[in-house]
Asks: 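I am attaching a structure below and will ask some questions about it afterwards.
Predicted, not measured: the structure shown is a model, and the values here were computed from it. Values below: all heavy atoms of this structure, side chains included; hydrogens, waters and symmetry mates excluded.
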Amino acid sequence: MKLKTINIVTCGVGGQGVLLFTDILADVALRAGLDVKKSEVHGMAQRGGSVVSQLRFGEHVFSPLIEETTADFIIGFEKLETLRYIHFLSEKGKALVDSLEISPMSVLTGAVEYPKDIMERIKARAKNVYEINAFNKAKELGETRTQNVIMLGATSRFLKFPLDLYKASIEKNVKPKFVELNLKAFNQGRKLVKK
Amino acid sequence: MDKVLLSGDEAIARGAWEAGCKVAAAYPGTPSTQILENLVNYKDVYCEWSTNEKVALEVALGAALAGVRSICTMKHVGLNVAADPLFSSAYIGVRGGMIIVTADDPGLHSSQNEQDNRYYGMFAKIPVLTPSDSQEAKDFTKLAFELSEKYDVPVILRVTTRIAHSKTIVELEERKEVADKGYVKDITKANLLPQYARVRHVLLEEKMKKLEEYGNTASVNKIIEGKKNFGVIADGVAFEYAREVFPKASFLKLGMVWPFPKDLVKKFAQGKKHLYVIEEVDPFLETLIKSLGIKVIGKDKLPLVDELNPRIVRNSLTDNKTEFTPETSLPPRPPSLCPGCPHAGLFYLLQRKDVIITGDIGCYTLGTYPPHNTMDTCVCMGGSITVAHGIEKALKNQKRVVSIIGDSTFFHMGMPGLVNAVYNKGNQILVIVDNRTTGMTGHQDHPGTGKTLMGEDTKMLKTEDVAKACGVDKVYVLDPYKIKDNRPLFRQILAEPGPAVIVSKQACALLVPRKPAKRVVAEQCNGCKLCMSLGCAAMSFINDKVVIDTAFCVGCGMCCELCAKEAIV
């Protein structure tokens with residue numbers, strides 16, 4: 001039987017480590033022997049702006065881009081950004097959302113308000129929503145930049161890859177002196193999911 | 001063999017290295033920048049950031065004429081800058097293989113247009129290869145060197161953002177050294193005096209004929225058999241989208257789109273009741289297919305603008321349309337200046353001044369947005385100084401014109417414009433926002449940083465010295481963080497006749513260590529919001545008071561300079 005291609009949309013704000021998240025996860029899929037494609041944009045789009053990375057893996061992947069309404073997962077590092085890309089999620093898809101709020105410039109200057117009903121709107125569009133307090137957990141660990149690897153730990157609960165593949169990929173993708181911290185963050189992330 | 005995930009850019013770098021490439025030159029530009037950033041990590045390849053794309057192409061041509069394999073890389077609009085030597089290089093040809101990489105940006109993720117550079121191949125008479133994933137990006141790079149040497153012509157490798165910045169699986173191989181061919185003086189080849197160029201043109205047309213024959217039979221263009229009567233012709237990433245949407249169709253996948261393989265296309269089209277051509281942006285292939293009298297469906301259904309994706313292909317070409325509804329009325333999150341960005345301090349000085357401001361290409365183009373509102377135009381690299389000059393001449397100096405350019409952009413194409421302004425008695429005030437790096441593309445060195453791409457120390461050119469050498473007598477250097485000091489100076493400069501140059505010098509905030517975060521003493525803040533006009537992403541306005549997010553504040557202190565109540569400490 002042909003293996004189903006898994007589509008994962010990951011989104012957040014420039015600087016949150018979205019791209020490293022999908023780099024590690026893509027590497028895990030590669031190590032598992034799957035075909036992998038991932039796509040994102042760099043440059044102007046990254047300067048504090050909205051960031052989205054698309055990851056697909058399976059037996060054979062053609063397009064690096066995911067079609068709207070076909071994502072199996074949306075991994076949101078920030079609430080507003082999750083809602084912005086929620087239309088990628090399929091009906092049965094799962095949304096893993098960090099309920100963190102980062103205000104865009106229009107909110108900072110007081111021109112518009114940060115919407116108060118974001119989680120409700122996400123839940124109205126996605127049946128399976130998991131709130132992951134990764135940023136808070138990262139603060140507890142003393143390094144907010146581990147938010148992405150905490151989200152990775154949480155995501156790993158829903159995928160069938162062996163854990164040693166994650167460990168190997170984290171070791172490959174982060175600087176040696178941060179490996180231990182990130183492995184700890186990964187395990188903390190796994191604990192944040194209550195299925 | 002090792003299998004790894006590489007972006008298209010990384011794969012091109014790897015391919016160049018494996019093919020024994022010895023010289024590489026580029027000017028940074030999204031989405032091409034990472035090619036040289038990766039290639040420099042391999043041994044045995046000389047790599048440089050050239051001052052602009054024309055320079056880079058000429059450096060590569062020089063190396064190719066000296067008998068080694070060379071590559072130059074640039075974004076699509078960079079090839080406009082390099083168009084002059086591009087056309088000449090086609091006539092001259094090579095000795096060592098030479099590749100010109102153009103990274104196009106359909107969808108304008110980080111560009112000012114979405115031009116389709118496949119046309120440059122047709123225009124300049126240079127073969128064009130269009131890979132569909134990272135493996136092909138590497139394979140085609142190696143093939144391009146071989147074709148370049150065999151047919152004595154440079155080769156364009158055209159990628160798009162979704163190839164350059166998508167990661168797909170690549171099999172690695174080892175480097176194969178290629179013997180240097182050495183420099184041989186041959187004025188009939190390398191010196192395009194009209195008498196020699198006439199002959200070179202004849203030779204070039206012959207080469208293109210031979211390359212067309214190659215394209216008709218070589219595996220770079222391939223037919224994938226599927227349904228007998230249903231055919232799709234596609235290239236680049238569009239091929240992958242097409243396969244996603246029409247898994248059972250027969251495909252003609254074109255890896256070399258120029259010279260156009262007429263016979264192969266005719267052969268493929270035969271007996272196809274339904275024939276589609278699926279390509280991004282312009283109807284390049286479509287026009288050529290139709291010129292053969294073949295009926296094909298393409299841009300009458302597919303969009304001419306923006307990048308494609310599987311959904312657009314499906315919705316345009318099939319009845320099986322899929323709909324989706326994105327959430328509306330969400331606050332947008334456009335890119336913005338980073339907290340502590342020195343440009344913000346400079347923009348503050350220009351806010352609410354009755355001046356025309358012409359801008360350029362870089363992070364500072366974000367000064368267009370509120371609350372800065374300090375950029376009226378953005379045209380192209382170097383277009384700030386020259387457009388300012390034209391406005392001034394048209395308005396006969398009735399209004400003050402200020403131009404803004406970054407340090408890297410100034411070295412790229414600003415200098416000729418400044419010389420022109422001085423020569424032609426311009427009156428503009430040019431602000432060089434000198435943040436000691438090429439910011440937007442991710443911090444590349446340039447002639448003003450004192451470092452080469454290969455990490456060596458080199459002569460550091462100061463923008464203020466260059467401005468003086470261009471003939472500007474009034475050159476001021478200021479620190480944009482010191483807003484209080486700068487205000488009166490700025491007023492004075494605006495009142496004086498030009499031309500004048502202000503070098504606003506302060507290193508990019510992402511390159512200097514953070515200072516302790518500032519905080520607002522709530523009791524002292526009167527909520528005047530003056531500090532908010534810096535547009536700092538670390539500041540927000542909550543319950544009539546300014547609040548600084550200590551996680552984002554880098555402690556630059558510009559807000560302290562503005563606060564009359566001394567409420568920020």
Asks: So for atom NZ, which belongs to B:Lys545, do other residues, nucleotides or ligands contribute more than 12 heavy atoms lying within a distance under 6.0 Å?
Replies: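 More than 12 heavy atoms, drawn from other residues, nucleotides or ligands, come within 6.0 Å of this atom.
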Asks: Measure A:Asp35 against the heavy atoms of chain B and call it side chain, backbone, both or neither at under 4.5 Å.
Replies: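 Its backbone and side chain both get close to chain B.
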Asks: Under a 4.5 Å cutoff for heavy-atom pairs, which residue among A:Ile66, A:Asp27, A:Leu80, A:Val107 has the most contacts with chain B?
Replies: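 So the answer, after comparing A:Ile66, A:Asp27, A:Leu80, A:Val107, is A:Leu80.
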Asks: Does any backbone or side-chain atom of B:Pro339 lie under 4.5 Å from a heavy atom of chain A? Answer side chain, backbone, both or neither.
Replies: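 Nothing of B:Pro339, per the 4.5 Å heavy-atom cut-off to chain A.
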Asks: Are B:His109 and A:Glu40 close enough that some pair of their side-chain heavy atoms sits under 4.5 Å apart?
Replies: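 B:His109 does not reach A:Glu40 side chain to side chain.
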Asks: Who among B:Arg243, B:Met532, B:Gln34 has the most heavy-atom pairs with chain A under 4.5 Å?
Replies: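 Of the options given, most contacts go to B:Arg243.
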Asks: Measure B:Leu308 against the heavy atoms of chain A and call it side chain, backbone, both or neither at under 4.5 Å.
Replies: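 Only the backbone of B:Leu308 comes within 4.5 Å of chain A.
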Asks: So for A:Ile102, is it side chain, backbone, both, or neither that comes closer than 4.5 Å to the heavy atoms of chain B?
Replies: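 For A:Ile102, heavy atoms of backbone and side chain both lie under 4.5 Å from chain B.
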Asks: Are side-chain heavy atoms of B:Pro131 and B:Val159 found at a separation under 4.5 Å?
Replies: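 Yes - at least one pair of side-chain heavy atoms lies under 4.5 Å apart.
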Asks: Got a second to check how far A:Ile170's CD1 is from A:Leu152's CG, nearest 0.5 Å?
Replies: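 These two atoms lie 5.5 Å from each other.
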Asks: Within 45 degrees of the ring normal and closer than 6.0 Å to the centroid, is that where the cationic atom of B:Lys529 sits relative to B:Phe541?
Replies: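 Yes, B:Lys529 lies over the aromatic ring of B:Phe541.
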Asks: At a heavy-atom separation under 4.5 Å, does A:Ile122 approach chain B through its side chain, its backbone, both, or neither?
Replies: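 For A:Ile122, there is no contact with chain B at all, as no heavy atom is under 4.5 Å.
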Asks: Starting at CG of B:Leu366, measure out to SG of B:Cys378 and round the result to the nearest 0.5 Å.
Replies: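 One gets 10.0 Å once the value is rounded to the nearest 0.5 Å.
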Asks: Is chain B contacted by the side chain of A:Arg125, its backbone, both, or neither, given a heavy-atom distance below 4.5 Å?
Replies: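 Answer is side chain: those atoms of A:Arg125 sit under 4.5 Å from chain B.
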Asks: Looking at A:Arg145, I want to see if its CZ is surrounded by more than 12 non-hydrogen atoms of other residues, nucleotides or ligands under 6.0 Å.
Replies: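 It does not: A:Arg145 CZ has 12 such atoms or fewer within range.
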Asks: Among B:Val4, B:Thr161, B:Thr325, which residue forms the greatest number of heavy-atom pairs with chain A at distances under 4.5 Å?
Replies: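 Top option by heavy-atom pairs under 4.5 Å: B:Thr325.
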Asks: Against chain A, label B:Glu323 side chain, backbone, both or neither, depending on which of its atoms sit under 4.5 Å from a heavy atom there.
Replies: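 Contact with chain A is through the backbone of B:Glu323 alone.
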Asks: Carefully, step by step, assess A:Phe21 and A:Phe77 under the rule ring-ring contact (aromatic ring centres under 6.0 Å, His included).
Replies: CA-CA 10 Å; A:Phe21 172 95; A:Phe77 287 27; 5.5 Å; yes
Asks: Between A:Val112, A:Thr69, A:Leu83, A:Leu30, which has the largest tally of heavy atom pairs under 4.5 Å with chain B?
Replies: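 Ranked by contacts with chain B, first place is A:Leu83.
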Asks: Atom CG in A:Asp98, atom CD in A:Glu101: separation rounded to 0.5 Å?
Replies: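 Rounded to the nearest 0.5 Å, the CG-CD separation comes out at 11.0 Å.
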Asks: Where on A:Thr144 is there a heavy atom nearer than 4.5 Å to chain B: the side chain, the backbone, both, or neither?
Replies: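 Neither part.
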Asks: For A:Phe161 and A:Phe57, I'd like to know if the aromatic rings sit close, meaning centre-to-centre distance below 6.0 Å.
Replies: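 Close enough - the centres of the two rings lie under 6.0 Å apart.
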Asks: Report which part of B:Ser134 has an atom under 4.5 Å of a heavy atom belonging to chain A: side chain, backbone, both, or neither.
Replies: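 Contact with chain A is absent: no heavy atom of B:Ser134 under 4.5 Å.
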Asks: Against chain A, label B:Val237 side chain, backbone, both or neither, depending on which of its atoms sit under 4.5 Å from a heavy atom there.
Replies: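 When you check distances to chain A, only side chain atoms of B:Val237 fall under 4.5 Å.
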Asks: Is B:Pro331 close to chain A through its backbone or its side chain, or both, or neither, when contacts mean heavy atoms under 4.5 Å?
Replies: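 Contact with chain A is through both the backbone and side chain of B:Pro331.
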